[in-house]
Amino acid sequence: MSKFSEWFHNILEEAEIIDTRYPIKGMHVWLPQGFQIRKNALKLLKSILDEDHEEVLFPLLIPEDELAKEAIHVKGFEEEVYWVTHGGLTPLGKKLALRPTSETAMYPMFALWVRSHQDLPMRFYQVVNTFRYETKHTRPLIRVREITTFTEAHTVHTNSQEAEEQVERAIEIYSSFFDQMGIPYVVTRRPEWDKFPGADYTMAFDTLLPDGKTLQIGTVHNLGQTFAKTFQITYETDDGQHEYVYQTCYGLSDRIIASILGVHGDEAGLSLPPEVAPYQVVVVPIIFKEGAQEVLDFCGELKNQLRSSGIRVHLDDRDLRAGKKFYEWEMRGVPLRIEIGPRDLKEGKIVLKRRDTLEKEFVEYQEEQVVDLVNDRLQRITTNLKEQAWEMLLENLREVNTLDEARDTIQEDGGIVSFLWCGDEACGKDMEEKVQVDILGIQEDADTGECVNCKEKARYRALLARTY
Ligand code: P5A
Ligand code: ZN
């Protein structure tokens, strides 16, 4: 187990994010702290999607014949599907699949919904649990068998240009979401052998975890007309012709939470972006025998004031050593701590401690300004977390000119390696084998240079990394 895996596993337990002891492999329990982070992240994501998508909710079960209709799609998922075969003791006439994703649940309905070109475009999303019998090593939040936070969007268009624009729009949506979480990413077009089953092409977001391995945190697929033809999704044009629609779909999962925790955390534990932190501020009274009541009263009022202005604040007045409280809230990732003792009170000061920089700041207390002060510090924390994380990713994105260089770089430093590639599948797979990495995908076209592996003319600049 890498140092990061160990850190990640421990922090999930210590910070009470999820309980991994549920007796089914790859299925876990969200604990209250984790649930709050998930809820806050989803709130932001939904508010972005709600701008131009409609939220729906489809059944969990998919009839076998619908799942089987799209041949390429079902081939991609056949080893990962869980089946419901009985109702009580009665064998079902038709097996029912637990959705591994919802294309084959939704698209037969889309065929009923789409009538004329005036119905289009359609943009839907849902947040559901999906099930995948993953055979690779499962990891909490990263590779699970019940994905509990599957946020999937599905869109329908009259023409291919509009579908392509929707892919770009989805990339913007996810970029904006990750930016607000301070999660850095690279966006690439997945190689042919790694695209979503049934898609024309797949765009993917990958972030870098502290152990130098990347994690795919989101995908956007252009489905072209493949599913439209399989499920007979057509619209009537102005002159009465029936045309197949063009579709896209895109999704995020529990991995967004994994990356929020993993990217920003450090030796002291979690360090949460204020946007998702269950508590954004914790107020810790420093109690001595003398003046204890005054300190507690002051802290109580401060808490009320911050809370009524919409800040998620907690007053920790437990009868415990302050040091123990500090340790705990730092470990849980609370962005800002306010400490107040009797001497501070006398001097009209409060102490602010930032979780991201671990810096202490003594500031004069002014009742009319304290809300602005706290909001300003939270804003700075958000900005700093994002900058630090991007710096880390960019420092670990290295260009190489030869295959040996790629191998050495990956072995010594991990991270993401940028290289010139011919684009040929056999060459790509050969390279993955030789360097023991995955090709993440293509970043852009290249017009000069040769492929680092086969020395043919390079067509692309591409990225590779060790991946989760
Ligand atoms: C897009 C949404 C789809 O399923 N259908 C609807 C499309 N794409 S996908 O790439 O297969 O999955 C979407 C995202 O889910 C994450 N993911 C997982 N997360 C946790 N555990 C898993 N077992 C798992 N499998 C996929 C990926 O991050 C992917 O981007
Ligand atoms: Zn090549």
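For this chain, numbers begin at 1 and follow the sequence in order. Keep in mind that the numbers below use all heavy atoms, side chains included, and drop hydrogens, waters and symmetry copies. In each ligand, atom 1 is the first atom listed, and ligand 1 is the first ligand listed.
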Distance only, no hydrogens: is a donor on one side chain within 3.5 Å (strictly under) of an acceptor on the other, for Arg398 and Asn396? yes
Logged contact type for Arg132 with ligand 1, heavy-atom cut-off 4.0 Å, is side chain
Between Gln166 and Thr155: side-chain donor-acceptor atoms closer than 3.5 Å: no
For atom 14 (C) of ligand 1, grab the closest protein heavy atom and report residue, atom and distance to one decimal in Å. Gly251 O, 3.8 Å
Aromatic ring pairing Phe178/Tyr185, orientation class (parallel under 30°, perpendicular over 60°, tilted between): tilted
Of all protein heavy atoms, the one nearest atom 13 (C) of ligand 1 is Thr219 OG1, 3.5 Å
Considering the options Phe58, Trp113, Tyr107, which one meets the ring pair (Phe, Tyr, Trp, His ring centres under 6.0 Å) requirement together with Phe124? Trp113
Per-atom filter on ligand 1: closer than 4.0 angstrom to a heavy atom of Thr101 are 4 (O), 5 (N), 6 (C)
Just to be sure I read this right, does ligand 1 sit under 4.0 Å from the backbone of Arg145, its side chain, both, or neither, counting only heavy atoms? neither
Ligand 1 atoms nearer than 4.0 angstrom to some heavy atom of Glu134 are 22 (C), 23 (N), 25 (N)
Among Glu55, His154, His53, the one residue meeting side-chain hydrogen bond (donor to acceptor under 3.5 Å, both in side chains) with Tyr125: Glu55
Between Glu103, Gln216, Glu152, Gln126, which one has a non-hydrogen atom sitting closest to atom 5 (N) of ligand 1? Glu103
How are the rings of Tyr460 and Trp421 set to each other: parallel, tilted or perpendicular (split at 30° and 60°)? tilted
Assess the side chains of Gln180 and Ser176: does a donor N or O sit below 3.5 Å from an acceptor N or O? yes
contact_flag Phe150 ligand 1 heavy-atom lt 4.0 Å: yes
Given Gly198, Ala170, Ala258, Ser253, identify the one with the heavy atom nearest to atom 17 (N) of ligand 1. Ser253
Is ligand 1 under 4.0 Å from a heavy atom in the side chain of Phe196, in the backbone, in both, or in neither? side chain
Where the side chain of Arg355 meets the backbone of Leu270, is there a donor-acceptor pair that is under 3.5 Å apart? yes
So Phe4 and Trp7, would you call those rings parallel, tilted or perpendicular, with 30° and 60° as cut-offs? parallel
Under 3.5 Å side-chain donor-acceptor pair for Ser418 and Gln443: no
Please classify the Ile147 to ligand 1 contact at 4.0 Å (heavy-atom distances, strictly less than): side chain, backbone, both or neither. side chain
Quick one: look up the protein heavy atom nearest atom 8 (N) of ligand 1 and list residue, atom name and how far away it is. His221 NE2, 3.0 Å
ang(SG Cys454, the Zn ion (ligand 2), SG Cys427) rounded to 10° is 120°
Indicate, as side chain, backbone, both or neither, the part of Val144 found under 4.0 angstrom from ligand 1 when only non-hydrogen atoms are considered. both
For the atoms SG of Cys451 and SG of Cys422, give the angle they form at the Zn ion (ligand 2), rounded to 10 degrees. 120°
My understanding is that we take every heavy atom of each candidate and find the minimum distance to atom 20 (C) of ligand 1. Doing that for Asp254, Ile142, Thr130, which one comes out nearest? Ile142
